[in-house]
Amino acid sequence: QVQLVESGGGLVQPGGSLTLSCAASGSIFNINATSWYRQRPGKQRDLVATIFSDSSTNYADAVKGRFTISGDNTKYTVYLQMNSLEPEDTAVYYCNADVVGWGDYDFKNYWGEGTLVTVST
C-alpha cells in the first residue's frame, strides 16, 4: 500500500551536481527514516545517507562533505543533493524507507526501483 519512486538521475560531468528525489505515496501514517543506497554493476548495494524523523542525518565516508540528504515532511519527499561528483559515484541510486501505515502497529520497509546516475565526460 506504500510506493517509493525515485527521480532525477541522468548524465553529469565530473565536478558537477545533481539532485535526486524520492517520493512516497499510499497509506502513510509516518515515515521513521529514509535512506539512499547505491549499487554499481557487479557490486553490492551500499548505504549512502540516512535521514531520520527528527531530521538527524548519517553519511557514508565516501560522500561526506559532498552529498546532503534532506526531506519535506508535508510532501513525503526526500532529496539527495550531490555536489563535486566523481566517476566513482556512477551507480543506480535506490530509495529505502521505514514507513508506518495507517492501521499498522509498526513500520514496514520499502524499496524504490532506482534511478541511474552516470558521471562521465
Side-chain angles (χ1 to χ4, degrees):
Q1 72 271 33
V2 174
Q3 297 82 40
L4 303 179
V5 179
E6 304 97 333
S7 62
L11 176 65
V12 63
Q13 296 184 93
S17 298
L18 203 63
T19 299
L20 306 181
S21 299
C22 173
S25 62
S27 183
I28 300 169
F29 177 75
N30 188 50
I31 301 179
N32 295 333
T34 303
S35 297
W36 285 98
Y37 288 76
R38 65 186 182 186
Q39 186 170 23
R40 303 172 183 83
K43 305 289 182 61
Q44 67 178 25
R45 190 172 298 183
D46 295 325
L47 178 64
V48 175
T50 301
I51 185 167
F52 300 91
S53 58
D54 64 355
S55 296
S56 62
T57 57
N58 292 145
Y59 296 93
D61 289 342
V63 306
K64 284 182 178 177
R66 300 189 298 122
F67 290 12
T68 302
I69 188 170
S70 61
D72 184 338
N73 292 330
T74 64
K75 299 179 180 179
Y76 291 123
T77 301
V78 169
Y79 307 94
L80 185 68
Q81 174 68 52
M82 304 183 293
N83 299 320
S84 301
L85 284 163
E86 306 165 355
E88 293 74 19
D89 296 317
T90 296
V92 177
Y93 284 72
Y94 297 90
C95 183
N96 177 273
D98 293 331
V99 181
V100 180
W102 284 100
D104 289 345
Y105 292 100
D106 203 359
F107 68 87
K108 297 179 181 179
N109 189 257
Y110 297 88
W111 287 95
E113 293 296 322
T115 185
L116 177 63
V117 173
T118 302
V119 184
S120 176
T121 57

The residue among Val12, Leu18, Val119 that forms side chain to side chain contact (heavy atoms under 4.5 Å, CB included) with Met82 is Leu18
With Asp98, the side chain to side chain contact (heavy atoms under 4.5 Å, CB included) member among Asn109, Asp106, Asn30: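 For Asp98, the side chain to side chain contact (heavy atoms under 4.5 Å, CB included) test succeeds with only one of Asn109, Asp106, Asn30, which is Asn109.
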Any residue meeting side chain to side chain donor-acceptor pair (under 3.5 Å) with [X], in chain and number order, not counting sequence neighbours:
| X | answer |
| --- | --- |
| Thr121 | none |
| Thr115 | none |
| Asp72 | Thr74 |
| Lys43 | none |

Quick check on Glu113: does its CD atom have over 12 non-hydrogen neighbours (other residues, nucleotides or ligands) under 6.0 Å away? no
Phe29: which residues meet the ring-ring contact (aromatic ring centres under 6.0 Å, His included) condition with it, sequence neighbours left out?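 Here the qualifying residues are Trp102.
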By the disulfide (SG to SG under 2.5 Å) test, which pairs, at least two apart or in different chains, include something from residues 23-93?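 Every candidate disulfide (SG to SG under 2.5 Å) pair involving residues 23-93 fails, so no pair, neighbours aside, qualifies.
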Check: Arg45 side chain, Tyr93 main-chain N or O, donor-acceptor pair, under 3.5 Å: no
Any donor-acceptor pair under 3.5 Å from Thr90 side chain to Glu88 backbone: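 No; judged by distance alone, with no hydrogens or angles, the pair does not exist.
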Do [X] and [Y] make a side-chain contact, defined as non-hydrogen atoms from C-beta onward lying under 4.5 Å apart?
| X | Y | result |
| --- | --- | --- |
| Trp111 | Glu6 | no |
| Val48 | Asp46 | no |
| Ser35 | Leu47 | yes |
| Thr34 | Asn96 | no |

Taking only residues two or more places apart in sequence or in another chain, which ones pass side chain to side chain contact (heavy atoms under 4.5 Å, CB included) with [X]?
| X | value |
| --- | --- |
| Ser25 | Gln3 |
| Thr68 | Tyr59, Gln81 |
| Ser120 | Leu11, Thr118 |

Nearest non-hydrogen partners of [X] and [Y], listed with the distance:
| X | Y | result |
| --- | --- | --- |
| Asn32 | Phe107 | ND2-CB, 3.6 Å |
| Ile69 | Val78 | CG1-CG1, 3.8 Å |
| Gly114 | Val92 | CA-CG1, 3.9 Å |

Using the rule that Ile, Leu, Val, Met, Phe, Trp and Tyr join whenever any side-chain heavy atoms are under 4.5 Å apart, tell me whether [X] and [Y] fall into a single cluster.
| X | Y | answer |
| --- | --- | --- |
| Leu20 | Tyr37 | no |
| Trp36 | Leu116 | no |
| Tyr94 | Leu80 | no |

Salt bridge (Lys or Arg N to Asp or Glu O under 4.0 Å) partners for Asp61, two or more places apart: Lys64
With Asp89, which residues qualify under salt bridge (Lys or Arg N to Asp or Glu O under 4.0 Å), at least two apart?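 So Asp89 forms a salt bridge (Lys or Arg N to Asp or Glu O under 4.0 Å) with Arg38, Arg66.
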Exercise: do Asn58 and Thr50 side chains pair donor with acceptor under 3.5 Å: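 Looking only at side-chain atoms, Thr50 and Asn58 do not form any donor-acceptor pair under 3.5 Å.
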Quick check for you: to the nearest 0.5 Å, what is the distance between Tyr79 atom OH and Cys95 atom SG? 12.0 Å
Using links of under 4.5 Å between side-chain heavy atoms of ILVMFWY residues, direct or through other members, which residues join Leu4 in one cluster? Val2, Ile28, Ile31, Tyr76, Val99, Tyr110
